[in-house]
Amino acid sequence: MCCDVKRRFLLLYATQKGQAKAIAEEICQQAGAHGLEADMHCMSEMDKYNLETEKDPVVIVISTTGTGDPPDTARKFVKKIQDTTLPPDHFTHLQYGLLGLGDSEYTFFCNGGKTVDRRLQELGAQHFYDTGLADDCVGLELVVDPWIDGLWLALKEAFLLQKEKEGMSSDVDAVSSSLSAAPHVVHELNLSSEVQNLKLEDGGVMNSDVLTQKLVDISLVASAGDTEPSLVHSVPPVSQSALNIPALPPEYIEVQFQDTHGENPHLSSLISEGTTFEVPVTKAVQLTSEDAVKTALLLELDITDTAFDYQPGDAFCVICPNNVSEVEELLQILGLSEKGDYFICVKVKQGTKKKGATHPQHIPERSTLKFILTWCLELRAIPKKAFLRALVECTSDAGEKRRLQELCSRQGASDYTRFIRESNVCLLDLLHAFPSCKPSLNLLIEHLPKLQARSYSVSSSNSYQPGKLCFVFNIVEFPACPTRAVARKGVCTGWLAELVAPLLHPNKNIPDTKGGNPSTEKVCIFARPNNTFHLPGDPSVPFMMVGPGTGISPFIGFLQHRQKLREEHTDWEFGETWLFFGCRHQHRDYLFKQLKCFLENGTLTHLKVCFSRDSSTAEVAPPKYVQDAIRLYAKEVARVLLKERGYFYVCGDKKHMADGVSDAVVDIISMEMEVDKLEAMKILATLREAKRYLQDVWS
């Protein structure tokens, strides 16, 4: 009986930043070793697959973006299946398994995957494999790896069931044998004797898929006094373990250097999400004092001569470059410093073993090397395990090679989480830590994801300040640490701060690297409308706003808009407005002291401010945090939210603030309505569903 017949399954992915695609590619790569063939497509390529007529099992990998939305590449698909005219038996023929990616730091965890899963079920589709929900907060691999491991048996059973239904029992044995011929871990490569300091136990290959190795180089074994692991150093049991490492991803990109003549593409060509606008920065203000813990800036953009439009509460994206010095440093490490201004042509490698290999959409077909490293690739991305696996092959030192193998292995999962993921290690950090690692340019293009535009909340109202768009941000700081040799600023916030330095310090002798007037500095932006985080449609409805630190940003736009409405419609009835604001120190980072103006003219009814680090001599200590202040006004919160059907907005840090605020609101509901905590949580969930408890938060 022939056992080379490979059964097909449809593999769909929908990704925002590339993670779902990378996982789908891993599934596609492993499928062959299990006697299967994955027909892989992006969910947006709806002309290449048809679920209405699909007979084979379907595997879906889908991420979540924004405040629980499906990724952009899934929007058309979701819109199609949410057609209310579809009958409940529309997909009764369909068998599927779904892997959702999300982050439990956010309220609507894995909502992109849950939305698709729920709707497919409503339309009659059946699970052949349980849904997996992977959490980026603790590490996607904790769910992804075992979910993929179990997928093959589930597919085998789905195919057997399918054959039985079709009455084609003659092929059952062939399918079964081709699947079982690939052992459970056959897709994993195991360390071989190519690493000089490893040897096989018992002096030969055992009758097993996993080879056991022992370290013979004493320099790699933890000494008695060196018992703590680090990015470059492991300790037992990892340092003495046999390792299961991922299969080596096949190379699929070819880079050809050309000449130095030509023009780089316009930045707008890098964006598929919408129309881009190049607008001047007309104003920059530092809102915090020099001795504040964080530096907050307010920037004003002139959108007068553009079609850019927004509502208070919307967000927009800034297209930003990688840090110039980091690009130069990477060129130097790659030995390409002299080639930065050369145009390169990026093509798919002929004869590549990567199934469905295509030219990366975020890489221009022709541009300079420096342009690609500056505007196209996320140099600060946390390297995925597949990237670490590829870097192993570019590393000459045996000890460094072993450590990279450990970091991408099953056995080194906790080390990966601790020293790569949680430490925000990037490619440059790795190349410093492992100096014998010399990757090729094509490898970086294959593994580094697209440089994402950064999203910011609008902090103005177009009706209050026509032709102006303001936003507020903290300059993000990454201090030096054992895994990061030098301190760094955020990719976008650091760039913006440098860009507007002449506006912030007009009297200082700041070198002008572009040879232009400071007032002509421009940034490229595009809209990212928020469908829910807006003012109530009825101005008579009361609302409460909670926004400590830069979380106050959208509420400045809310209040500006409300003030303009009050000026234009003196006969309207306006509901009361509350703002809870908090910061560390009253005289260092009270970002908008002009809030008192809104209070004085009646736009803002109640302003409650707290300062977490200022000492107080009051007999009763004032609240330190916004969640404490909210509890002091429990009856008012309950009245506005429950009795008067008002709105409650929260903006700012998720873990250290927004969760505390929702806990406070649950306690208030429980106390004021005299219900238990579980019932109070259900009521809050109802308010979220009704879009009356709204969050714009970040981790």
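- Checking Thr282 against Glu300 by side-chain atom types alone, a donor-acceptor pair falls below 3.5 Å.
- Between Phe558 and Phe533, the two ring planes are tilted [angle within 30° to 60°].
- For the pair Lys522 and Asp302, the salt-bridge criterion is not met [side-chain N within less than 4.0 Å of a carboxylate O].
- Within 6.0 Å of NZ in Lys17 there are 12 or fewer heavy atoms belonging to other residues, nucleotides or ligands.
- Note: Phe308 and Tyr310 have tilted aromatic rings, judged against thresholds of 30 and 60 degrees for the angle between ring planes.
- Lys624 contributes no side-chain N or O that, together with a main-chain N or O of Ala629, makes up a donor-acceptor pair within less than 3.5 Å.
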Next on the checklist: Run the side-chain hydrogen bond (donor to acceptor under 3.5 Å, both in side chains) test on Tyr13 and Thr73 for me, step by step, so that the C-alpha distance in whole Å, both residues' side-chain angles and the decisive distance to 0.1 Å come before the verdict.
Outcome noted: CA-CA 9 Å; Tyr13 68 87; Thr73 52; over 6 Å; no
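- Here the options are His561, Glu567, Gln560, the test is side chain to side chain donor-acceptor pair (under 3.5 Å), and the partner is Gln563; only Glu567 passes.
- The line from CZ of Arg75 to CE of Met43 is 14.0 Å long, rounded to the nearest 0.5 Å.
- For Ser457 and Asp696, the side-chain atoms include at least one donor-acceptor pair closer than 3.5 Å.
- In this model, no donor atom of one side chain and acceptor atom of the other lie less than 3.5 Å apart for Asp614 and His587.
- Under the 4.0 Å criterion applied to side-chain N and carboxylate O atoms, Lys682 and Glu689 are not assigned as salt-bridge partners.
- Salt-bridge check for Arg380 with Glu326: passed, with a basic side-chain N closer than 4.0 Å to an acidic carboxylate O.
- For Phe471 and Phe316, the distance between ring centers is under 6.0 angstrom.
- Taking the six-membered ring for Trp and thresholds of 30 and 60 degrees, Trp572 and His569 have nearly parallel ring planes, at less than 30 degrees apart.
- The existence of a salt bridge linking Asp667 and Arg631 is confirmed by a sub-4.0 Å separation between a basic side-chain nitrogen and an acidic carboxylate oxygen.
- Counting heavy atoms of neighbouring residues, nucleotides and ligands inside a 6.0 Å radius, atom CG of Asp538 exceeds 12 of them.
- Between Lys450 and Glu378 there is no salt bridge, since no side-chain N of the basic residue sits under 4.0 Å from a carboxylate O of the acidic one.
- For the pair Asn111 (side chain) and Gly68 (backbone), a donor-acceptor distance under 3.5 Å is present.
- Looking at Glu636 and Arg639, no side-chain N of the basic residue comes within less than 4.0 Å of a carboxylate O on the acidic one, giving no salt bridge.
- A donor-acceptor pair shorter than 3.5 Å cannot be found between the side chains of His606 and Thr577.
- For the atom pair Gln16 CD and Thr64 OG1, the distance stands at 10.0 Å (nearest 0.5 Å).
- In the displayed structure, Glu568 atom CD is contacted under 6.0 Å by more than 12 heavy atoms of other residues, nucleotides or ligands.
- Side-chain atoms of Asp135 and Ser104 form a donor-acceptor pair, as typed in the model, at a separation below 3.5 Å.
- A distance of 5.0 Å separates OH in Tyr590 from CG in Leu595, rounded to the nearest 0.5 Å.
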Next on the checklist: Using the rule given for side-chain contact (heavy atoms from CB on, under 4.5 Å), can you reason through Gln286 versus Thr288, listing the C-alpha separation, both sets of side-chain angles and the distance that settles it, and then say yes or no?
Outcome noted: CA-CA 6 Å; Gln286 183 169 321; Thr288 48; 4.0 Å; yes
Item to check | side-chain contact (heavy atoms from CB on, under 4.5 Å) evaluation trace for Ile382 with Cys426 | outcome: CA-CA 5 Å; Ile382 296 171; Cys426 67; over 6 Å; no
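- Taking the six-membered ring for Trp and the full ring otherwise, the centers of Tyr693 and Tyr649 sit at least 6.0 Å from each other.
- With hydrogens and angles disregarded, no donor-acceptor distance shorter than 3.5 Å links the side chain of Arg584 to the backbone of Ser612.
- A donor and an acceptor atom, one from each side chain of Gln627 and Asp663, are nowhere located under 3.5 Å apart.
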